[in-house]
There are 2 protein chains.
Amino acid sequence: MGSCQTCVVRNRAICAGLEPDEVALLNDIGRRRNLAAGEQLLWEGESAVLVANVIHGVLKLSNSLEDGREQIVGLVYPSDFIGRPFGATTPYGVEALTDARVCVFAQRDFDNFAREHPRLEHKLLERTLTELDRTRKWMLLLGRKSAEERLATFLLEISQRMAPATCDTPEGQSEEFEMPFSRQQVGDVLGLTIETVSRQFTKMKRDGVIDLPSRRSVVIRDRMELEARAG
Amino acid sequence: MGSCQTCVVRNRAICAGLEPDEVALLNDIGRRRNLAAGEQLLWEGESAVLVANVIHGVLKLSNSLEDGREQIVGLVYPSDFIGRPFGATTPYGVEALTDARVCVFAQRDFDNFAREHPRLEHKLLERTLTELDRTRKWMLLLGRKSAEERLATFLLEISQRMAPATCDTPEGQSEEFEMPFSRQQVGDVLGLTIETVSRQFTKMKRDGVIDLPSRRSVVIRDRMELEARAG
DNA sequence: CGTACTTTTGATCACCGTCAATAAATGTGG
DNA sequence: CCACATTTATTGACGGTGATCAAAAGTACG
């Protein structure tokens with residue numbers, strides 16, 4: 001079923017930089033799991049039983065209100081970490097947006113391993129700090145940007161995130177990509193309704209900033225203009 | 001000028017749980033600094049030169065757009081940690097909302113100390129994970145809640161945060177407190193304009209949910225109703 | 001007491017949400 | 001492979017919430 005030695009994300013995930021014997025130990029306590037698109041891995045508020053690393057696929061982290069309003073609070077890509085170590089409850093739901101493959105650990109096992117391996121904790125700390133920065137930048141979008149600015153910002157962001165999936169360059173941006181999101185999910189990321197998202201897509205296409213060859217594919221025709229519209 | 005041994009937040013800040021000799025070392029690399037209300041400690045985008053712990057006072061973390069729109073992305077209270085360890089640039093501005101006292105460290109010194117003291121890194125990791133959870137919960141507010149729900153949620157939150165300042169109980173909530181925020185700053189936290197904030201305050205007062213004895217003081221008259229309005 | 005700042009209140013408007021209908025894409029069974 | 005059902009996205013009409021602009025009231029401070 002695969003091991004850490006052959007893992008495709010071993011150089012980018014938190015496991016990177018561990019000694020071979022440490023990797024072997026981590027291999028023992030983790031196991032691989034496949035998720036179908038739409039399958040839920042963790043539920044908001046449940047006790048925190050497991051953590052995981054993404055091997056491939058895209059997942060969403062979301063918070064909801066009782067009346068059904070939902071906000072996606074994070075998107076998770078290959079090599080990203082999922083879950084809440086050292087905590088009692090999972091603070092958000094986790095659901096696969098595409099078919100995905102993850103490397104899961106019982107939270108207890110992972111916590112113990114982490115405490116004994118400062119190198120791993122350090123990696124996790126750096127990752128968490130980066131994620132906090134990203135999340136706070138997103139708050140500016142949610143609190144202060146218009147619908148057009150939100151969609152433009154979002155398209156620029158995923159054009160970067162989707163790029164490494166196709167080629168091996170760590171940083172880059174592709175002018176043409178498939179979104180792993182439905183319109184509803186784009187709305188849930190941006191704090192907008194599906195109708196507003198659709199109208200903004202149409203407007204940008206009409207203005208020649210982007211092209212929409214199919215439902216979920218986007219072509220950036222004028223990146224400068226898109227950046228200008230991102231606010 | 002004060003030392004770690006006599007520090008009022010020593011049992012709650014990241015220093016908690018360190019051995020006496022470790023505390024002494026930390027004492028050597030840090031220094032105290034007083035900030036006047038409105039004084040800026042860090043600027044968004046500048047190189048990350050220092051980190052700090054709050055001893056007393058309240059500070060804001062904020063992101064801005066070129067055109068002046070601002071979003072407060074975090075509020076920092078006594079014993080909280082400020083700054084971006086292990087990073088090149090400070091991702092947000094930090095400004096004192098009240099007169100404040102902080103314990104500052106050169107980022108280099110702090111990073112080195114942290115790497116050599118896993119106990120400290122672990123504390124920092126737990127703190128960062130908790131902060132990330134709190135931040136993500138706030139995204140639901142910014143993305144999906146109405147103005148009334150936002151203000152109600154905010155008042156409930158600060159009634160909790162302000163409580164420990166007056167008494168020694170770690171967890172609690174006071175029905176009467178002074179806000180360290182102007183109306184503009186409340187707006188910057190909630191992603192609303194000052195006028196909308198003011199109108200919502202007036203409405204809640206008119207409805208008997210809260211009372212506003214003075215500019216910055218709030219009395220919660222009907223906590224149940226306030227919770228109902230928080231969504 | 002006068003000046004400057006903050007907050008409140010009012011009037012108006014625009015953006016985005018809501019509700020509804022249509023269109024397009026996807027899936028299913030004969 | 002096509003008819004049909006279902007899901008997803010687009011488009012339209014309309015209304016409400018919150019932003020904007022403007023003025024008045026309240027507060028702080030010399």
Side-chain angles (χ1 to χ4, degrees), chain A residues 36-38 60 65 67-71 97-99 140-155 178-207 210-218 229 231, chain B residues 36-38 60 65 67-71 97-99 140-155 178-207 210-218 229 231:
Chain A
K60 69 170 190 185
L65 288 143
D67 63 12
R69 280 177 286 178
E70 179 178 335
Q71 177 65 43
L97 296 179
T98 63
D99 290 347
L140 177 60
L141 175 143
L142 292 175
R144 296 301 189 193
K145 287 191 179 181
S146 70
E148 181 176 51
E149 290 170 325
R150 291 183 200 202
L151 184 59
T153 307
F154 178 73
L155 290 175
E178 287 272 300
M179 297 188 293
F181 319 109
S182 69
R183 292 288 187 268
Q184 179 62 59
Q185 285 158 352
V186 174
D188 289 341
V189 172
L190 300 180
L192 300 170
T193 60
I194 184 176
E195 294 94 334
T196 299
V197 170
S198 181
R199 274 183 253 269
Q200 293 299 331
F201 264 115
T202 305
K203 179 150 159 283
M204 291 228 196
K205 180 180 181 176
R206 205 173 48 225
D207 296 354
I210 59 170
D211 200 10
L212 302 167
S214 79
R215 219 158 223 214
R216 289 188 173 205
S217 55
V218 177
R229 291 185 186 207
Chain B
K60 70 169 191 186
L65 273 74
D67 62 12
R69 281 177 286 178
E70 178 177 335
Q71 178 65 44
L97 297 180
T98 64
D99 289 347
L140 177 60
L141 175 143
L142 292 175
R144 296 301 190 191
K145 287 191 178 182
S146 69
E148 180 175 50
E149 290 171 325
R150 290 182 200 203
L151 184 60
T153 306
F154 178 73
L155 290 174
E178 287 273 301
M179 296 188 295
F181 319 109
S182 69
R183 292 287 186 269
Q184 179 61 59
Q185 285 158 353
V186 175
D188 289 341
V189 172
L190 299 179
L192 298 171
T193 60
I194 185 175
E195 295 94 332
T196 299
V197 170
S198 180
R199 274 184 253 270
Q200 293 299 332
F201 264 116
T202 306
K203 178 150 158 282
M204 292 230 195
K205 180 181 182 177
R206 206 172 49 225
D207 297 353
I210 60 170
D211 199 11
L212 302 168
S214 79
R215 219 156 220 215
R216 291 190 172 203
S217 55
V218 177
R229 293 185 185 206

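Each chain gets a letter, A, B and so on, in the order its sequence line appears, and its residues count up from 1. Hydrogens, waters and symmetry mates are skipped; everything else that's a heavy atom, side chains included, is used.
For B:L192 and D:dT17, the CG to C1' distance is 11 Å, given to the nearest whole Å. Taking atom CG of residue B:D67 and atom P of nucleotide D:dA19, one finds them 15 Å apart after rounding to whole Å. Summarising the geometry, the separation between CZ on A:R216 and P on D:dA9 is reported as 6 Å, rounded to the nearest angstrom. Separating the CG atom of A:L142 from the C1' atom of D:dG18 is a distance of 17 Å, rounded to the nearest angstrom. Remark: P of D:dT11 and CD of A:Q200 are 13 Å apart, rounded to the nearest angstrom. As a whole-Å value, the separation of B:K145 NZ from D:dG18 P is 13 Å. Rounded to whole Å, the distance from CZ on B:F181 to C1' on C:dT7 is 17 Å. Per the geometry, CD belonging to B:E149 stands 14 Å off P belonging to C:dG17, to the nearest Å.
Phosphate contact (OP1/OP2 of C:dC16, side-chain N/O of A:T193, threshold under 4.0 Å): absent.
Within 4.0 Å (heavy atoms only), A:S214 reaches no atom of the nucleic acid at all. Here A:T202 lies in heavy-atom contact (under 4.0 Å) with sugar-phosphate atoms only. Heavy atoms of A:G187 sit nowhere under 4.0 angstrom from any nucleic acid atom.
Mapping A:F201 and B:G191 onto DNA chain D by nearest heavy atom places A:F201 at the nucleotide closer to the 5' end.
In this structure, of C:dA24, C:dT7, D:dT10, it is D:dT10 that holds the atom nearest to the side chain of A:S198. For A:T196, whose side chain is taken as the heavy atoms from C-beta onward, the closest listed nucleotide among C:dA11, C:dC16, D:dA9 is C:dC16. Side-chain atoms of A:I194 lie closest to D:dA9 of the nucleotides C:dT8, C:dC16, D:dA9. Proximity note for A:E195 (side chain, C-beta onward) versus D:dG18, C:dA25, C:dT18: the nearest is C:dT18.
Put simply, the side chain of A:D99 gets close to the backbone of A:A37: a donor and an acceptor are under 3.5 Å apart. The backbone N or O of B:S182 lies less than 3.5 Å from a partner atom in the side chain of B:Q185, making a donor-acceptor pair. For the pair B:E149 (side chain) and B:R229 (backbone), a donor-acceptor distance under 3.5 Å is absent. Side-chain atoms of A:S198 do not come within 3.5 Å of backbone N or O of A:I194 as any donor-acceptor pair. In this structure a side-chain-to-backbone donor-acceptor pair under 3.5 Å is missing from B:E70 to B:L65.
One N or O donor and one acceptor, one from the side chain of B:R199 and one from the base of C:dG10, sit under 3.5 Å apart. Remark: the A:R183 side chain and the D:dT7 base include no donor-acceptor N/O pair separated by less than 3.5 Å.
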